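To keep things clear, I will list the structure first and then write my remarks on it.
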Amino acid sequence: MAWVSAYIVFISLISSFFLNPVQCQCKNPPVIFNFGDSNSDTGGLVSGLGYPINLPNGRTFFRRSTGRFSDGRLILDFLCQSVNTRFLSPYLDSVGSSFLNGANFAIAGSRLLPKYEPFALNIQVMQFLHFKSRSIELVSAGSRNLVGDEGFRNALFMIDIGQNDLAGSFARNLSYTEIVKMIPSFVTEIKNAIQVMYSQGGRKFWVHNTGPLGCLPQKLALVQKVSSDLDPHGCLANYNSAAKLFNEGLRHLLQDLRSEMKDATIVYVDIYAIKYDLIANSSNYGFSNPLMACCGYGEPPYNYRKGVTCGQHDYQVCNEGSEFISWDGVHYTEAANRVIASKILSMEYSAPRIGFDFFCH
């Protein structure tokens, strides 16, 4: 029964890989500046608006609410751990924050357009410019608790945004054709952000595309649909189609920018493919009910009801350790984020195939 032993060893290795995605020999962690929405918000909404994000958010890893929309760590947190750096402090968090390893400008609800609406990507970039100017000024005056000029030049700039623009467009009952026509303007905002950071000396960029919007329990619960609107895995086909068109536009944009910015490293990460595979093949990863929220209200098939927000009132939550992909109908559980981070770190979904630890300096 040698094949049995070999199979057990194989499964053990695979399990170890997914359970320990953050092992790394990075001795000089990069300074990281992150821009995005709730998928990478480490507490910006709470700091900026005082919006309460209560337990059970944060129950799995932090044992308290940290302002993250998850039961534990986000993909960004796992990526930070993979290069031996601390979790990024929200830019707007003035209490007990350290910015020596960078800052997180991502805030839940952020979009690409309108560009002057808090906290659009354009606003986040403006915040970064102010942060950089003040940091360099204070460091030159003797401060040791901020990033200096060299740190900014060598920093890694991460972008993960766009989901809310697509979701908001569908929520406004725009036609699919109207939404598709808006995608180039969405993508242009990412181009503008990268060009500003490049003009400031940034040369290292890590950009996530957007995930399968049509697989979110929230969308599935709220959208009136018939069976023909769903793909073979139960996701809204037109929502996912729009996400894929956005991603294709983003991929082409980054290809063009690589040609223009030959001295820059610009990595495109296919988050959509990772997340869709996780949902489509959920049982292979140890998950059940891939389209159902752990924390929500309404029971199967989606356990989501508008107005009953996880941690606010009347919510119901699955047992800790349950095998759910979706945490609250919009965001992912720590267990799912761990698998996604492992896939990212494998480099199989990156173009070009550059490891995250490449940015250790």
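Keep in mind the model is a prediction, meaning the values are calculated, not measured.
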Are T42 and L76 side-chain neighbours, meaning at least one heavy-atom pair lies under 4.5 Å? yes
Looking at every non-hydrogen atom in both residues, tell me the closest pair between V207 and I194 and how far apart they are. CG2-CD1, 4.2 Å
Given side chains that start at C-beta, do those of P56 and Y315 come closer than 4.5 Å, heavy atoms only? yes
R251 charged N/C atom sitting above Y268 aromatic ring, 6.0 Å / 45°: no
Does the plane of the ring in Y272 sit parallel, tilted or perpendicular to the ring in Y276? Use 30° and 60° as the thresholds. parallel
Check whether the SG atoms of C235 and C215 are less than 2.5 Å apart, and answer yes or no. yes
Test: K343 and E348 ion pair at under 4.0 Å: no
Step through the shown structure and confirm whether more than 12 heavy atoms of other residues, nucleotides or ligands are within 6.0 Å of NZ on K306. no
Distance under 6.0 Å and angle within 45° of the ring axis: does K275 meet both against Y332? yes
Check for me whether the distance between the ring centres of F324 and F287 falls short of 6.0 Å. no
Whether S110 side chain and F119 backbone form a donor-acceptor pair below 3.5 Å: yes
Has R63 got more than 12 heavy atoms of other residues, nucleotides or ligands less than 6.0 Å from its CZ? yes
Just by modelled atom types, is the G329 backbone N or O under 3.5 Å from a matching donor or acceptor in the S326 side chain? yes
Is it true that R203 and D263 make a salt bridge, defined as a side-chain N closer than 4.0 Å to a carboxylate O? yes
Does E137 have any salt bridge (charged side-chain N to carboxylate O under 4.0 Å, His left out) partners at least two apart in sequence or in another chain, and if so, which? R134
In terms of side-chain geometry, is the basic nitrogen of K244 or E248 positioned less than 4.0 Å from the acidic oxygen of its partner? no
Mind telling me whether F246 and F186 have parallel, tilted or perpendicular rings, with 30° and 60° as the class edges? tilted
For the CD atom on E299, are there more than 12 heavy atoms of other groups (residues, nucleotides or ligands in this structure) within a distance under 6.0 Å? no
Tested for side-chain contact (heavy atoms from CB on, under 4.5 Å) against F358, the lone hit among V83, T265, L156 is T265
Quick one: are L230 and L236 in side-chain contact, heavy atoms under 4.5 Å? yes
Between the side chain of N240 and the main-chain N/O of L213, is any donor-acceptor distance below 3.5 Å? yes
H130 and Y91, any side-chain heavy atoms less than 4.5 Å apart: yes
Go through the structure and list residues passing salt bridge (charged side-chain N to carboxylate O under 4.0 Å, His left out) with E150, not counting sequence neighbours. none
Quick one: list whatever passes disulfide (SG to SG under 2.5 Å) with C80, sequence neighbours left out. none
May I ask you to establish whether R68 and F87 are in a cation-pi arrangement, using a distance under 6.0 Å from NZ or CZ to the six-membered ring centre and at most 45° from the ring axis? yes
Side-chain donor or acceptor of Q124 paired with backbone N/O of G36 under 3.5 Å: yes
